[in-house]
Chemist: 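Structure incoming, see below.
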Amino acid sequence: MPSPPTTEQELLERCRAIAGLSVAELAAQLDVAVPANLRQHKGWLGELVEKALGADAAGRSEPDFRALGIELKTLPLNAQGKVQESTWVCTVPLRAASGLRWEDSCVYHKLRHVLWLPVEAAADIPLSDRHIGNALLWRADAQQLAALQADWEELMEAVALGQFESLDARHGEVLQIRPKAAHSRVLVYAIGPAGEPMQTLPRGFYLRVGFTNALLQAHYA
DNA sequence: AGGTGATCATCC
DNA sequence: GGATGATCACCT
């Protein structure tokens, strides 16, 4: 089990070392069994690469590489090499929403510095045979940051007004709000339109595939 | 109770 | 075919 990388250089070297490996090969190196599919193990691959690269924040609300302040995200690619799923960012604050500034938001902090790791994910490739891609260590540029901030401010304005029930995944250009829970009966406390405590489905911020595809393409094109 | 890692299943 | 809403497993 690798210890946490101490420099970006070291982290990138580890990425190079696993690039091109199949999931079966990487799992074997770590002495981990590969499940038949991801249906009941949705986060398995993300956790495998965390382990492979020496992420040390396992399960904590901190960057995956704590010393470096870097977040790790896998990007599932389809047969055309395009990102095929949205990317989970963080929970939407449904209670302390008013007065929250972009610079203090979880979205801003999570996306400050991200190590994107593309992985083959087309449904017709058995999990074991999927290959790890070339990692991209990324910082949002001014344009990306502005797009994220604009969406965040628009979405959070509705949340702060307690209008989250009228928000759905169609709002937001690059960032969207969707349910994030074990199932649709889970409830969390929130502050409603009249400032009253209420309960609602937990929501999360997700990056649309258009955003992640664009940042991959900008780098690999 | 709510965070981490996400993909699944269905509808348009 | 792509996006939305639902769901899975495990952790702190």
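Reminder, nothing fancy here: chain letters follow the sequence lines and each chain counts from 1. Note that the structure is a prediction, hence the values are computed from the model and not measured.
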Chemist: So for atom CZ, which belongs to A:Arg112, do other residues, nucleotides or ligands contribute more than 12 heavy atoms lying within a distance under 6.0 Å?
Modeler: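 No, CZ of A:Arg112 has 12 or fewer neighbouring heavy atoms, counting only those of other groups under 6.0 Å.
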Chemist: For A:Asp124, give me all partners under side chain to side chain donor-acceptor pair (under 3.5 Å), at least two apart in sequence or on another chain.
Modeler: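 A:Asp124 satisfies side chain to side chain donor-acceptor pair (under 3.5 Å) with no other residue.
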Chemist: Going 5' to 3' along nucleotides 5-12 of chain B, which nucleotides have protein heavy atoms under 4.0 Å from the base (write B), which only from the sugar-phosphate (write S), and which from neither (write -)?
Modeler: BBBBS---
Chemist: At 4.0 Å (heavy atoms only), tell me whether A:Val186 reaches a base, stays on the sugar-phosphate, or touches nothing.
Modeler: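 Touches nothing.
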Chemist: Quick one: does A:Glu10's side chain have a donor or acceptor within less than 3.5 Å of a partner on A:Thr6's backbone?
Modeler: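 Yes, because the side chain of A:Glu10 sits within donor-acceptor range (under 3.5 Å) of the backbone of A:Thr6.
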Chemist: Say whether, by atom type as modelled, one donor and one acceptor occur between the side chain of A:Gln84 and the main chain of A:Pro76 under 3.5 angstrom.
Modeler: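 Flag not set: sc A:Gln84 to bb A:Pro76 has no pair under 3.5 Å.
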Chemist: Near A:Gln217 CD, under 6.0 Å, is it more than 12 heavy atoms from other residues, nucleotides or ligands?
Modeler: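 Open.
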Chemist: Are any of A:Thr91's side-chain N or O atoms less than 4.0 Å away from OP1 or OP2 of B:dG2?
Modeler: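 The answer is no; no side-chain N or O of A:Thr91 sits under 4.0 Å from OP1 or OP2.
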Chemist: Going 5' to 3' along DNA chain C, between which two nucleotides do contacts with chain A fall, using a heavy-atom cut-off of 4.0 Å?
Modeler: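 With heavy atoms of chain A under 4.0 Å away, the range is C:dA3 to C:dT12.
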Chemist: Counting only heavy atoms not in A:Gln143, do more than 12 sit closer than 6.0 Å to its CD atom?
Modeler: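 Open: at most 12 neighbouring heavy atoms sit under 6.0 Å from CD of A:Gln143.
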Chemist: Does CD belonging to A:Glu196 count more than 12 external heavy atoms closer than 6.0 Å?
Modeler: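 Yes, the 6.0 Å shell around CD holds more than 12 heavy atoms from other groups.
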Chemist: Have a look at A:Arg95 and say if it touches a base, only the backbone sugar-phosphate, or nothing, with a 4.0 Å heavy-atom cut-off.
Modeler: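 A:Arg95: backbone/sugar contact only, no base atoms under 4.0 Å.
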Chemist: Over all strands shown, is A:Ala169 touching base, sugar-phosphate only, or nothing at heavy-atom distances under 4.0 angstrom?
Modeler: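 Sugar-phosphate: the residue A:Ala169, judged by heavy atoms under 4.0 Å, touches backbone atoms but no base.
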Chemist: Hey, which of these two, A:Arg170 or A:Gln40, hits DNA chain C nearer its 5' end, going by closest nucleotide?
Modeler: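 The residue whose closest nucleotide sits nearer the 5' end is A:Arg170.
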Chemist: With respect to A:Leu117, which candidate in A:Leu136, A:Ile132, A:Asn134, A:Leu45 satisfies the side-chain contact (heavy atoms from CB on, under 4.5 Å) definition?
Modeler: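 The option that passes is A:Ile132.
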